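Read through the structure below, which is laid out as structure tokens, and then see the notes.
Values in this document were obtained by computation on a predicted structure and should not be read as measured data.
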Amino acid sequence: MIGIICALSIEVEELTKLLENKEEKTIAKMKYICGDINGKKVVMTECGIGKVNAAMSTQVMIDKFSVDAIINTGVAGGLTDKTDILDTVVATALVQHDMDTTYFGDPRGLISGINVVEFPCDKALAEKITANVEGNCVRGI
């Protein structure tokens, strides 16, 4: 099953139009919509803006829906002037860009306690998305 996390209702509304066998569930006061898109099982939610909301929704999807992958729509951290509206950004790694303990001699983005800066994304999934996306696809920016 693929989890799709949307920050805004307009994103969920557009994706919901593609769903077959739609079923809704409310967990932790958030609505999760399950169904099939082109024969693939998906679950999606409008989590709201911010990484804390996205993290909570991600954990619910992992715990309650046993998702194999998560796709984040909207800005999803694609912070660059190289992208435009409707571009698709396919990440190669996740970095917590606003984590800054450089004062203590750490590299910017280091997650203290686990000593990791970059979390690699699933390469096979990234390649599938890149191969199937319409329009502009920006990788590794």
Side-chain angles (χ1 to χ4, degrees), residues 1-104 106-141:
M1 179 176 286
I2 298 171
I4 304 173
I5 295 179
C6 306
L8 304 175
S9 61
I10 191 168
E11 298 163 338
V12 173
E13 290 165 7
E14 288 302 311
L15 288 170
T16 301
K17 293 176 185 177
L18 303 173
L19 276 180
E20 295 177 2
N21 307 315
K22 186 172 85 168
E23 180 183 339
E24 295 182 7
K25 297 179 181 183
T26 300
I27 301 171
K29 297 184 181 180
M30 297 184 81
K31 182 170 65 172
Y32 291 84
I33 307 166
C34 302
D36 302 303
I37 297 178
N38 294 332
K40 302 287 184 187
K41 298 264 184 230
V42 299
V43 57
M44 66 182 81
T45 190
E46 175 193 346
C47 72
I49 297 171
K51 65 183 178 183
V52 172
N53 290 336
M56 290 187 310
S57 295
T58 297
Q59 194 62 57
V60 168
M61 286 185 175
I62 292 168
D63 291 344
K64 302 294 184 183
F65 298 97
S66 300
V67 293
D68 300 304
I70 302 262
I71 297 172
N72 197 331
T73 68
V75 173
L79 306 174
T80 179
D81 59 1
K82 296 179 183 177
T83 58
D84 201 359
I85 295 170
L86 298 179
D87 281 353
T88 300
V89 176
V90 180
T92 55
L94 173 129
V95 176
Q96 187 165 309
H97 72 89
D98 60 349
M99 186 65 159
D100 187 3
T101 56
T102 55
Y103 177 80
F104 301 108
D106 297 335
R108 186 171 179 90
L110 181 79
I111 308 296
S112 300
I114 59 173
N115 297 324
V116 174
V117 174
E118 288 191 3
F119 296 84
C121 295
D122 184 305
K123 187 175 181 178
L125 180 59
E127 292 300 327
K128 283 181 183 179
I129 293 170
T130 301
N132 288 288
V133 71
E134 294 181 22
N136 295 322
C137 183
V138 183
R139 294 244 5 197
I141 53 174

> Can you check whether Ile49 reaches Leu8 side chain to side chain, under 4.5 Å on heavy atoms?
Replying inline: yes
> Can you tell me how far CG of Asn115 sits from CG of Leu110, rounded to the nearest 0.5 angstrom?
Replying inline: 5.5 Å
> Roughly how far, to the nearest 0.5 Å, is the CE atom of Met1 from the CD1 atom of Ile62?
Replying inline: 13.5 Å
>> Taking the side chain as everything from C-beta on, heavy atoms only, tell me whether Phe119 gets closer than 4.5 Å to Ile111.
In response: yes
> Taking all atoms of both residues into account, what is the closest heavy-atom pair of Leu125 and Ala69, and its distance?
Replying inline: CD2-CB, 3.4 Å
>> Please give me the minimum heavy-atom distance between Cys47 and Met30, naming the atom from each residue.
In response: CA-CE, 3.1 Å
>> Would you say CG of Asp63 has more than 12 non-hydrogen atoms from neighbouring residues, nucleotides or ligands within 6.0 angstrom?
In response: yes
> Can you tell me how far the CG atom of Leu19 sits from the CE atom of Met44, to the nearest 0.5 Å?
Replying inline: 4.0 Å
> Side chains of Tyr32 and Met61: closer than 4.5 Å at any heavy-atom pair?
Replying inline: yes
> Less than 4.5 Å apart, any side-chain heavy atom of Ile33 and any of Thr45?
Replying inline: no
>> Tell me which pairs pass side-chain hydrogen bond (donor to acceptor under 3.5 Å, both in side chains) where either residue lies in residues 18-30, with sequence neighbours left out.
In response: Asn21-Asp36
> Atom CD1 in Ile4, atom CD1 in Ile70: separation rounded to 0.5 Å?
Replying inline: 9.5 Å
> Could you walk me through whether Leu18 and Val42 pass the side chain to side chain contact (heavy atoms under 4.5 Å, CB included) check?
Replying inline: CA-CA 11 Å; Leu18 303 173; Val42 299; over 6 Å; no
>> So which atom in Ser112 and which in Asp106 form the shortest heavy-atom distance, rounded to 0.1 Å?
In response: OG-OD2, 4.1 Å
> Would you call Thr102 and Pro107 a side-chain contact if the rule is heavy atoms closer than 4.5 Å?
Replying inline: no
>> Distance check, rounded to the nearest 0.5 Å: Glu46 atom CD versus Leu15 atom CG?
In response: 12.0 Å
> Can you tell if the side chain of Thr16 reaches within under 4.5 Å of the side chain of Val12, non-hydrogen atoms only?
Replying inline: yes
> Would you say Ile5 and Ser57 make side-chain contact, with heavy atoms under 4.5 Å?
Replying inline: yes
>> Could you measure the distance from the OG1 atom of Thr73 to the CD atom of Glu14? Nearest 0.5 Å is fine.
In response: 11.5 Å
> Would a 4.5 Å heavy-atom cut-off, applied to side chains only, mark Cys34 and Lys41 as touching?
Replying inline: no
>> Tell me whether the count of non-hydrogen atoms from other residues, nucleotides or ligands lying under 6.0 Å of NZ in Lys51 goes above 12.
In response: yes
